[in-house]
Amino acid sequence: VQLQASGGGLVRAGGSLRLSCAASGQSFSNYIMGWFRQSPGKKHEFVAAINWSGDELYYADAVKGRFTMSRDNAKNTIDLRMNSLKPDDTARYYCAVDNNPLCSRDGCDPMSFYWWGQGTQVTVSS
């Protein structure tokens, strides 16, 4: 399994970015795909996740109303549209996939995702 994230960059506060992640190597039918982020010295933080059909979406409280996650099963890709970016959003963003991760209304446990991409850096200047 390979996960390739892209779309990171430097943006001013209030700006927007779109991250994409392409998955390959096997079928991801019924897999949950997620986005996490990590700042220096901190643990991985849940951002958003989506189920196979796209009718179950999970968002961290910190990004609700600003970030939107979508999924294209035909292309095995997920997107994360990030609007109204804040300096606190600065982190390295990772996509991850698993067939049975621990997810609830409070988010998904990063430790329950098996496959991870290499990440893409997002830097938001004030």
Side-chain angles (χ1 to χ4, degrees):
V1 172
Q2 287 192 334
L3 300 174
Q4 183 69 41
S6 61
L10 173 63
V11 65
R12 290 182 180 272
S16 299
L17 281 174
R18 187 181 80 173
L19 305 183
S20 295
C21 177
S24 61
Q26 66 170 59
S27 169
F28 295 98
S29 176
N30 295 320
Y31 277 60
I32 288 179
M33 301 187 76
W35 286 100
F36 298 83
R37 64 189 183 187
Q38 187 178 30
S39 302
K42 295 186 178 180
K43 296 180 180 180
H44 281 96
E45 176 189 13
F46 168 73
V47 176
I50 190 168
N51 69 340
W52 167 254
S53 60
D55 60 355
E56 290 184 15
L57 282 158
Y58 308 85
Y59 291 103
D61 288 342
V63 307
K64 280 180 183 175
R66 299 188 299 122
F67 291 11
T68 302
M69 184 174 182
S70 60
R71 179 171 183 162
D72 186 336
N73 290 329
K75 298 180 179 178
N76 277 341
T77 60
I78 54 173
D79 282 355
L80 184 69
R81 289 171 171 80
M82 306 185 296
N83 297 323
S84 302
L85 283 162
K86 306 174 182 179
D88 284 349
D89 295 318
T90 294
R92 190 164 186 85
Y93 283 70
Y94 297 86
C95 55
V97 63
D98 197 274
N99 65 339
N100 192 29
L102 294 176
C103 294
S104 69
R105 289 184 178 180
D106 295 328
C108 296
D109 180 358
M111 297 295 290
S112 65
F113 280 77
Y114 187 76
W115 287 286
W116 290 76
Q118 86 291 352
T120 184
Q121 180 66 34
V122 172
T123 302
V124 184
S125 64
S126 57

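The basis for the numbers below is simple: all heavy atoms, side chains too, and nothing from hydrogens, waters or symmetry mates.
Of the inter-residue distances, the one linking T77 atom OG1 with Q4 atom CD reads 13.0 Å to the nearest 0.5 angstrom. Between the CZ atom in R92 and the CD atom in Q118 there is a gap of 6.5 Å [rounded to 0.5 Å]. Here the SG-CG distance, from C103 to L57, works out to 11.0 Å after rounding to the nearest 0.5 Å. Rounding to the nearest 0.5 angstrom, the gap separating the NZ atom in K86 from the OG atom in S126 is 14.0 Å.
When hydrophobic clusters are built by joining Ile, Leu, Val, Met, Phe, Trp and Tyr residues whose side-chain heavy atoms come closer than 4.5 Å, directly or via intermediates, L19 is grouped together with M33. Neither F46 nor L85 shares a network with the other; the hydrophobic side chains, linked directly or stepwise wherever heavy atoms of I, L, V, M, F, W or Y lie under 4.5 Å apart, form separate groups for each. Residues Y31 and I50 share a hydrophobic cluster, clusters being chains of Ile/Leu/Val/Met/Phe/Trp/Tyr side chains in contact below 4.5 Å. Cluster annotation: V47 is not connected to Y94 through the hydrophobic network of ILVMFWY side chains, with a link wherever side-chain heavy atoms come within less than 4.5 Å.
Within the structure, every pair that satisfies the disulfide bond (SG atoms under 2.5 Å apart) test and touches residues 1-69, not counting sequence neighbours, is listed here: C21-C95. For residues 96-116, there are no side chain to side chain donor-acceptor pair (under 3.5 Å) pairs, not counting sequence neighbours. Annotation: side chain to side chain donor-acceptor pair (under 3.5 Å) contacts involving residues 15-24, sequence neighbours excluded, comprise S16-N83, S20-D79.
The aromatic ring centroids of F36 and F113 lie less than 6.0 Å from each other.
When the salt bridge (charged side-chain N to carboxylate O under 4.0 Å, His left out) test is applied to K64, the partners found at least two apart in sequence or on another chain are D61. Under the rule for a salt bridge (charged side-chain N to carboxylate O under 4.0 Å, His left out), D55 has no partner lying at least two apart in sequence or in another chain. Evaluation of the side chain to side chain contact (heavy atoms under 4.5 Å, CB included) rule for A13 yields P87, V124 as partners, not counting sequence neighbours.
Counting heavy atoms from C-beta on, the side chains of W35 and M82 never come closer than 4.5 Å. Counting only heavy atoms from C-beta outward, the side chains of R37 and V63 approach each other to under 4.5 Å. Taking 4.5 Å as the limit, every side-chain heavy atom of Y58 sits out of range of all side-chain heavy atoms of M69. Inter-residue side-chain proximity for L17 and F67 is flagged as unmet; no heavy-atom pair is nearer than 4.5 Å.
Within a 6.0 Å radius of CD in Q121, more than 12 heavy atoms belonging to other residues, nucleotides or ligands are found.
Of all the heavy atoms in G34 and I78, the pair that sits closest is O-CD1, 4.1 Å. Considering all non-hydrogen atoms of both residues, A49 and I32 come closest at CB-CG2, 4.2 Å. In terms of heavy atoms, S84 sits closest to D89 at O-OD2, 4.4 Å.
With Y93 contributing its side chain and A5 its backbone, the two residues share no donor-acceptor pair below 3.5 Å. Side chain of R71 to main chain of G54: no donor-acceptor pair is present (N/O by atom type, distance under 3.5 Å, no hydrogens or angles). No donor-acceptor pair closer than 3.5 Å links the side chain of N73 to the backbone N or O of S29.
Partner T90 forms a side chain to side chain contact (heavy atoms under 4.5 Å, CB included) with one of T123, L10, V11 and no other, that one being T123.
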| field | Audit row: S70, R81, side-chain contact (heavy atoms from CB on, under 4.5 Å) steps and yes/no | value | CA-CA 8 Å; S70 60; R81 289 171 171 80; 3.4 Å; yes

